[in-house]
There are 2 protein chains.
Amino acid sequence: MTATNGGPTGTRQDTVAAVVRQWQSVHPDLDTAPMEIIGRINRCAALLQQAEDAPLRRAGLSRPEFDLLGALRRTGHELTPSELARETFSSGAAVTKRLKQLTERGLVERRGDSRDRRVAHVRLTDTGRDLVDGILPEQLAYETTVLSGLAPRGQGELAALLGELLGELEGRLGALRG
Amino acid sequence: MTATNGGPTGTRQDTVAAVVRQWQSVHPDLDTAPMEIIGRINRCAALLQQAEDAPLRRAGLSRPEFDLLGALRRTGHELTPSELARETFSSGAAVTKRLKQLTERGLVERRGDSRDRRVAHVRLTDTGRDLVDGILPEQLAYETTVLSGLAPRGQGELAALLGELLGELEGRLGALRG
DNA sequence: AGCAAGTGTTTTACTCGTGAAGAATATTCG
DNA sequence: CGAATATTCTTCACGAGTAAAACACTTGCT
């Protein structure tokens, strides 16, 4: 087929490029540039999630569970369920369910607020903290391996560009609901 | 420190940067660089999905449904359910469910293979094709708007870097199952 | 031919997330 | 004060995805 890869620096073909090519041959008039970013971000996210979750699963945690524990670990103090929801970008209901599981497994503890009896305060148990601290280095090492196909220079540029895009998206997205 | 941004165009802060900063103050010894890429890709994917789906939802389609219809449109010919699964990166079971819905809505049709009665061939109806062709330009225009916070130059670089990463991931990920 | 193994698709049983309603408690203000 | 309103968290009903079993058919082997 069109496989002109195998170049010296080995620019492999990615599936999104093929999809975009197909669209262009069907609708040559359309500007398909956004697909090359958005399609790739989605596809990378899906693949990374699969890859990335491997070390987590060995510890019996899903990524959302790890994110919740991580939020408690990195802030260093107790958080209420609603703060956890904001911090992990998930719904309150999801946090409630995760907390139930994590509490049963002895990784987090809750206590009620003394002044306002609606709110709960959640903190890591010692076991929970040790689990996070044990997993995180493995996780980061694994992620480093996964990204190692990209030269360090490229990694820096990619992180910067994604940061710029994300900053814009987070700043603007509430406004754009069309 | 590294945080000497404040670039000429006014680099906004993104939430991932804040998270990484928290981790570094708790574990100064860890190399948190991978988070700046992987965390941002995940977060961008989540935000883009929310934003991006708006025009689709107006047409009563979810993104996976649109991807399925799009696969049929862009390849230009009938596909079997398993080809659709490969093409849209989802499980066979998910494709079966989506096909059921899309068939009921009159957007796709199926016919059995004459030689091998296990296989089905799925194609767009005229309505389905018109729907895709009607939505796609809107969708792309919307995506262009969403990305417009990034300068065209940056968009090109980002697409290229993501393409490079994705190529590596797709090439290598089957092998890395740790 | 006839049966074992393989392949394409659907069904089943389950998990997980979500939005909306509900329950408990705080706050505001006439 | 106390009724209306707001807030925090939980529960419920549901939709959507998955892996594995089931099903339907084909192919290959003897």
Rounded to whole angstrom units, what separation is found between the CG atom of L68(A) and the C1' atom of dC16(C)? 15 Å
Side chains of L162(A) and L158(B) in contact at under 4.5 Å (non-hydrogen atoms): yes
Take the protein atom CG of L99(B) and the nucleotide atom P of dA16(D), then report the distance between them rounded to whole Å. 14 Å
Nearest whole Å is fine: how far is dG17(C) P from L84(A) CG? 14 Å
Find the distance L61(B):CG to dG15(D):P and express it as a whole number of Å. 18 Å
Is the shortest heavy-atom distance from the side chain of V108(B) to the side chain of T103(B) under 4.5 Å? yes
Closest nucleotide of DNA chain D for H121(A) versus for K97(A): which of these residues is on the 5' side? H121(A)
Report yes if at least one side-chain N or O of Q101(B) is closer than 4.0 Å to OP1 or OP2 of dA16(D); otherwise report no. yes
Gap between atoms NZ and P, on K100(B) and dG17(D) respectively (whole Å): 13 Å
Just so I know, are the side chains of L124(B) and L131(B) near enough to count as touching, which here means a heavy-atom distance under 4.5 Å? no
Atom pair CZ (R43(A)) and CG (L165(B)), whose distance is rounded to the nearest 0.5 Å: 11.5 Å
Looking across every strand, which nucleic acid part, if any, lies under 4.0 Å from E83(A) by heavy atom: base, sugar-phosphate, or nothing? nothing
Q49(B) CD - dA16(D) P separation (whole Å): 14 Å
For L102(A) and dC16(C), what is the distance between atoms CG and P respectively, to the nearest whole Å? 11 Å
Contact between W23(A) and L30(A) at the side-chain level, heavy atoms closer than 4.5 Å - yes or no? no
Once you round it to whole Å, what is the distance between P of dG17(D) and CZ of R63(B)? 13 Å
Inter-residue atom distance T80(B).OG1 - E87(B).CD, 0.5 Å rounding: 10.0 Å
Over 12 non-hydrogen atoms of neighbours within 6.0 angstrom of CZ in R111(B): yes
Would you mind telling me which residue lines up with the more 5' stretch of DNA chain C, P64(A) or T96(B), judged by nearest nucleotide? T96(B)
What pairs of nitrogen or oxygen atoms, one from the protein and one from nucleotides 2-8 of chain D, lie under 3.5 Å apart?
unit_1, atom_1, unit_2, atom_2, d
dT7(D), O2, R118(A), NH1, 2.5

OP1 or OP2 of dT10(D) less than 4.0 angstrom from a side-chain nitrogen or oxygen of R110(A), does that happen here? yes
